[in-house]
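The structure's right below; bear with me while I get my questions together.
Excluded from the calculations below are hydrogen atoms, water molecules and symmetry mates; all remaining heavy atoms, backbone and side chain alike, are included. Residue numbers begin at 1 in each chain, while the letters A, B, ... track the order of the sequences.
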4 protein chains.
Amino acid sequence: MSDIEPWLAELLRLNDEEEKMTDKQIKIVQAAVEIFSEKGFAGSSTSEIAQKAGVAEGTIFRHYKTKKKLLLSIVAPIMAKLVAPFAVKDFTKVLEADYPDVEQFLRAVLRNRFEFARKHVHVLKIFLHEIPFHAELREQFKDTVAPLVLEKAYKAIRHFQAQGQLIELPPPAIMRMVATSMIGFVIFRFLLLAENDWDDELELERTIQFILHGLTPRQ
Amino acid sequence: MSDIEPWLAELLRLNDEEEKMTDKQIKIVQAAVEIFSEKGFAGSSTSEIAQKAGVAEGTIFRHYKTKKKLLLSIVAPIMAKLVAPFAVKDFTKVLEADYPDVEQFLRAVLRNRFEFARKHVHVLKIFLHEIPFHAELREQFKDTVAPLVLEKAYKAIRHFQAQGQLIELPPPAIMRMVATSMIGFVIFRFLLLAENDWDDELELERTIQFILHGLTPRQ
Amino acid sequence: MSDIEPWLAELLRLNDEEEKMTDKQIKIVQAAVEIFSEKGFAGSSTSEIAQKAGVAEGTIFRHYKTKKKLLLSIVAPIMAKLVAPFAVKDFTKVLEADYPDVEQFLRAVLRNRFEFARKHVHVLKIFLHEIPFHAELREQFKDTVAPLVLEKAYKAIRHFQAQGQLIELPPPAIMRMVATSMIGFVIFRFLLLAENDWDDELELERTIQFILHGLTPRQ
Amino acid sequence: MSDIEPWLAELLRLNDEEEKMTDKQIKIVQAAVEIFSEKGFAGSSTSEIAQKAGVAEGTIFRHYKTKKKLLLSIVAPIMAKLVAPFAVKDFTKVLEADYPDVEQFLRAVLRNRFEFARKHVHVLKIFLHEIPFHAELREQFKDTVAPLVLEKAYKAIRHFQAQGQLIELPPPAIMRMVATSMIGFVIFRFLLLAENDWDDELELERTIQFILHGLTPRQ
DNA sequence: GATGAATGAGCGTTCATTCAT
DNA sequence: GATGAATGAACGCTCATTCAT
């Protein structure tokens with residue numbers, strides 16, 4: 001039995017097909033993630049993936065008819081997972097019950113997605129890199145992922161605006177500020193940071209405070 | 001004489017080698033920028049570039065010994081330009097003389113870099129895409145570009161903190177928030193935005209206010 | 001039980017091994033005939049055959065160790081069948097008893113082989129196509145099939161020449177004319193003809209008359 | 001300068017592009033003809049052709065974008081050449097002036113096409129083999145080649161029928177008999193014959209007499 | 001300086017065949 | 001007997017790069 005990494009298991013569980021995956025198939029995905037994230041899709045060769053996975057090159061094509069389908073099988077599921085927290089049905093109830101103020105809500109979301117990013121850095125990196133070059137990904141994002149999360153996010157924004165906890169900017173503008181700061185935080189933390197003194201807790205809190213100060217009314 | 005696009009002229013002027021560039025060479029760079037930005041470096045072929053540029057394949061290699069050097073000749077100069085505003089010698093004097101408060105300074109910088117981004121979207125897109133895959137670019141950025149701009153930026157931050165115009169966070173943290181919001185704004189505007197009602201002036205101002213509220217002390 | 005087509009049953013009966021053939025084996029042969037005849041041997045893939053036959057790829061190789069042996073198992077038997085009418089022992093007796101004149105003999109042979117061709121078009125097409133590329137087939141034809149039929153055919157030709165019913169050309173020449181016209185007729189009818197008004201009976205008779213006029217003495 | 005074989009020169013002259021063909025290109029075509037005719041199109045590999053031609057594999061694809069286009073560039077021109085004798089404008093005049101009786105006409109055609117076949121055996125073999133598998137070839141044959149030759153042939157047949165030199169069968173039937181015997185002769189001579197005592201002149205004359213006796217009225 | 005034919009390594013993919021289950 | 005995952009050699013084709021003209 002091969003050592004299937006936890007993040008991979010979780011990502012694959014999405015499809016409910018994980019069961020069917022053979023040992024070799026998992027090794028292929030694992031190798032592909034590493035190599036794609038290191039060299040980019042177009043810069044990676046299937047022979048290199050096969051070698052790293054310890055399988056014959058033909059084996060890759062038995063499971064994924066083309067190199068591109070291998071990419072999509074890795075990258076497409078991440079999108080659903082990425083916005084999963086917003087997919088709950090009774091979103092408004094959750095809001096009211098669990099998050100009395102915007103700070104707690106924002107902190108919960110940021111923390112949760114930060115953990116998610118930590119688990120899936122490699123796949124997220126591939127996703128960010130390849131989305132401009134693959135129409136299928138862009139379409140999936142625009143048609144199914146983005147609308148879902150935006151709808152819920154705007155609902156939350158209007159909810160807190162009604163309570164006077166957020167300034168009266170149009171929800172898309174607020175959304176943009178928050179998303180930008182969140183994504184910027186994640187990119188900085190996982191893609192740029194190489195070394196030094198960095199305290200996740202502290203910086204996360206600073207980012208939250210920055211967003212809150214930027215978006216809450218001064219009394 | 002070929003129609004050399006203004007942004008290209010400006011970018012190339014950097015090297016002070018513009019003079020030496022032949023008509024064909026300019027066409028090559030122009031074609032390469034278009035194709036690299038559309039398909040990524042690894043996904044582009046030199047033959048396609050040659051075709052779009054209207055030159056023979058060999059001509060590309062006469063001017064740029066390798067495909068990679070062609071990329072670097074396009075992408076490397078953008079880095080210097082990107083941080084040019086911070087390269088003035090008497091930075092402190094400029095600060096004191098021209099920007100009495102942080103809002104004006106931030107607005108000036110953001111506006112200026114926004115114009116720059118508008119001119120160089122394609123090259124910037126290539127730059128963002130390729131920097132993770134090319135050590136030379138990363139090195140150049142870390143060794144020459146980043147230090148210069150960070151030094152000046154920290155100086156400015158400390159300057160405004162000393163005047164009580166910025167909250168007392170460590171300069172790198174402040175820098176991160178501002179940079180994240182700026183870059184996020186630019187990416188959103190130029191890479192994601194497809195269509196709709198978007199007012200550059202308005203959104204720029206909103207972004208500035210967001211940053212300011214997030215980073216200035218409440219009285 | 002699979003629907004085994006009559007022509008196939010007849011062809012396979014040759015080997016006296018028909019009994020041993022499993023259901024799956026028959027499906028494999030059936031699929032192989034269709035695909036070989038449509039795309040040629042070299043242009044067909046075993047995986048496509050397996051798919052069309054509804055069996056696993058491995059199953060083909062359990063029964064026929066190589067792709068080529070599958071071809072030969074289909075094509076080799078057709079040769080024997082092709083010349084079967086000449087394989088009767090007391091050929092001269094049959095001639096004297098049943099065919100008083102050359103016209104009746106020729107008509108009988110042509111009709112009979114025409115029916116045979118109708119039944120086995122696909123396999124015959126494969127045979128014609130592959131014989132130049134497979135030494136085994138060529139050898140089998142030259143060493144066992146051709147001699148047998150030629151011997152009998154020459155006997156018949158000499159028999160009718162002795163009776164003054166055929167002109168005095170060397171038997172091989174006569175054989176060539178007849179064979180050419182017969183094969184030409186069959187190819188035209190089964191491989192070229194796409195559409196139109198064509199009356200088998202009429203054209204067959206015309207062909208017979210053409211051969212007879214060409215080869216019988218004018219009084 | 002490479003030794004360009006005469007038959008190849010003649011075949012290529014068709015296109016009036018022969019001039020433009022490089023030395024290597026000719027070697028490629030020459031090697032392709034040999035290998036295709038020996039192993040069939042699907043059974044040949046481009047690497048083998050390159051090796052035999054003494055060029056790099058890439059060179060083949062610089063001149064012929066695909067393996068199939070290489071095949072077509074060889075096989076398509078033969079069709080036009082094949083029926084060239086019927087392409088003369090004033091066909092009826094030629095008939096009346098040069099061929100007072102059907103025997104002379106038939107002999108002229110047969111001899112001429114026999115010489116043609118001698119020159120182009122290899123390419124003709126490829127043509128015969130590949131026509132069932134390539135729609136382009138079939139279309140070209142049905143749409144442009146066949147109609148032209150049939151029109152002229154039927155004209156000649158009716159011409160000789162009007163003079164009482166041919167029996168009153170429908171021209172297509174007559175055409176079929178003649179074509180079958182001609183093609184059969186050629187195939188027998190060039191594709192089947194391996195060795196022995198065979199006198200071209202004698203056998204050609206026998207074939208002509210066979211056709212004539214089969215198709216001319218007995219007085 | 002510019003060309004484009006030529007190269008050969010390497011690409012993604014398919015293939016006939018094997019073998020543990 | 002039947003399966004289908006696995007193989008790795010070979011396929012058609014593209015690539016960045018060279019060099020004689």
Practice task
Quick one: sort the B/F127 and B/F141 rings into parallel, tilted or perpendicular, breaks at 30° and 60°.
Solution key: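 Tilted.
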
Fill in the blank from the handout: Of all heavy-atom pairs linking B/Y64 and B/S73, the shortest is CE2-OG, 3.3 Å

Completion exercise
Intra- and inter-strand pairing of DNA chain F, written as dot-bracket with Watson-Crick and G-U pairs under 3.5 Å and | for the latter, reads .||||||||||||||||||||

Exercise for the section: List in chain and number order the residues that pass side-chain hydrogen bond (donor to acceptor under 3.5 Å, both in side chains) with A/T66, two or more places apart in sequence or in another chain; answer none if no residue qualifies. Expected result: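 Testing A/T66 for side-chain hydrogen bond (donor to acceptor under 3.5 Å, both in side chains), a comparison that skips the adjacent residues, returns none.
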
Problem - Nearest-0.5 Å distance that lies between atom CD1 in A/I28 and atom CD1 in A/I74 - result: 10.0 Å

Completion exercise
Between C/S44 and D/E57, whichever has its closest DNA chain E nucleotide further toward 5' is D/E57

Handout entry: C/F36: ring-ring contact (aromatic ring centres under 6.0 Å, His included) partners, not counting sequence neighbours
Key =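 So C/F36 forms a ring-ring contact (aromatic ring centres under 6.0 Å, His included) with C/F41.
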
Exercise for the section: Can you sort out which residues in residues 46-55 of chain D have a heavy atom within less than 4.0 Å of DNA chain F? Ascending by number, please. Expected result: D/T46, D/S47

Practice task
Please tell me which of D/K68 and C/A56 maps to the more 5' nucleotide of DNA chain F, matching each residue to the nucleotide holding its nearest heavy atom.
Solution key: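 The residue closer to the strand's 5' end, by nearest nucleotide, is C/A56.
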
Handout entry: Residue-phosphate contact under 4.0 Å: A/K24 side-chain N/O, F/dT7 OP1/OP2
Key =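 Yes, such a contact exists.
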
Handout entry: Which residues share a side-chain hydrogen bond (donor to acceptor under 3.5 Å, both in side chains) with A/E48, sequence neighbours left out
Key =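 Counting only residues at least two positions away or on another chain, A/E48 forms a side-chain hydrogen bond (donor to acceptor under 3.5 Å, both in side chains) with A/K39.
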
Practice task
Measure the distance from CG on D/L70 to P on F/dC13 and round it to the nearest whole Å.
Solution key: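 Value for this atom pair: 10 Å.
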
Handout entry: Pairs touching residues 52-61 of chain A that satisfy salt bridge (Lys or Arg N to Asp or Glu O under 4.0 Å), sequence neighbours left out
Key = A/E34-A/K52

Handout entry: Smallest separation among heavy atoms of B/A31 and B/I49, with atom names
Key = CB-O, 3.7 Å

Practice task
Check whether any side-chain nitrogen or oxygen of D/S45 sits under 4.0 Å from OP1 or OP2 of F/dC11, and answer yes or no.
Solution key: yes

Practice task
Could you pick out which residue, C/H63 or D/T66, lies toward the 5' side of DNA chain F when each is mapped onto its nearest nucleotide?
Solution key: C/H63

Practice task
Looking only at non-hydrogen atoms, find the nearest pair between B/V33 and B/H122 and report the distance.
Solution key: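 Looks like CG1-CB, 3.6 Å.
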
Problem - Gap between atoms CZ and C1', on A/F61 and F/dC11 respectively (whole Å) - result: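 Rounded to the whole Å, the gap is 13 Å.
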
Exercise for the section: With sequence neighbours excluded, tell me which residues meet side-chain hydrogen bond (donor to acceptor under 3.5 Å, both in side chains) with C/K65. Expected result: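 For C/K65, no residue satisfies side-chain hydrogen bond (donor to acceptor under 3.5 Å, both in side chains) once neighbours in sequence are set aside.
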
Exercise for the section: Describe the nucleic acid contact of C/T59 in one word from base, sugar-phosphate, nothing, applying a heavy-atom distance below 4.0 Å. Expected result: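 Contact class for C/T59: base.
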
Completion exercise
Residues in residues 128-137 of chain B with a heavy atom under 4.0 Å of DNA chain F, by number, are none

Completion exercise
Outer limits of DNA chain E sitting under 4.0 Å from a non-hydrogen atom of chain A, read 5' to 3', are E/dC11 to E/dT14

Practice task
Could you tell me the separation between the CD1 atom of D/I28 and the P atom of F/dG12, rounded to a whole number of Å?
Solution key: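 About 14 Å, once rounded to whole Å.
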
Practice task
Name the residue closer to the 5' end of DNA chain E, choosing between D/G58 and B/R62 according to the nucleotide with the nearest heavy atom.
Solution key: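 Comparing both residues, the 5'-ward one is B/R62.
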
Practice task
Return the set of residues passing side-chain contact (heavy atoms from CB on, under 4.5 Å) with B/L128 (not counting sequence neighbours), or none when no residue passes.
Solution key: B/I187

Exercise for the section: Kindly write out the residues that satisfy side-chain hydrogen bond (donor to acceptor under 3.5 Å, both in side chains) with A/H63, not counting sequence neighbours, or none if the list is empty. Expected result: A/Q25

Exercise for the section: Assess whether side-chain contact (heavy atoms from CB on, under 4.5 Å) is satisfied between C/I126 and C/L71, documenting all intermediate values. Expected result: CA-CA 9 Å; C/I126 300 174; C/L71 172 72; 3.7 Å; yes

Exercise for the section: With sequence neighbours left out, write down each residue that passes side-chain contact (heavy atoms from CB on, under 4.5 Å) with B/E136, or none if nothing qualifies. Expected result: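 For B/E136, the residues satisfying side-chain contact (heavy atoms from CB on, under 4.5 Å) (neighbours in sequence not counted) are B/K68, B/L72, B/H134.
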
Practice task
Mind calculating the distance between CD1 (B/I35) and C1' (F/dC15) to the nearest angstrom?
Solution key: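 Whole-Å distance recorded here is 15 Å.
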
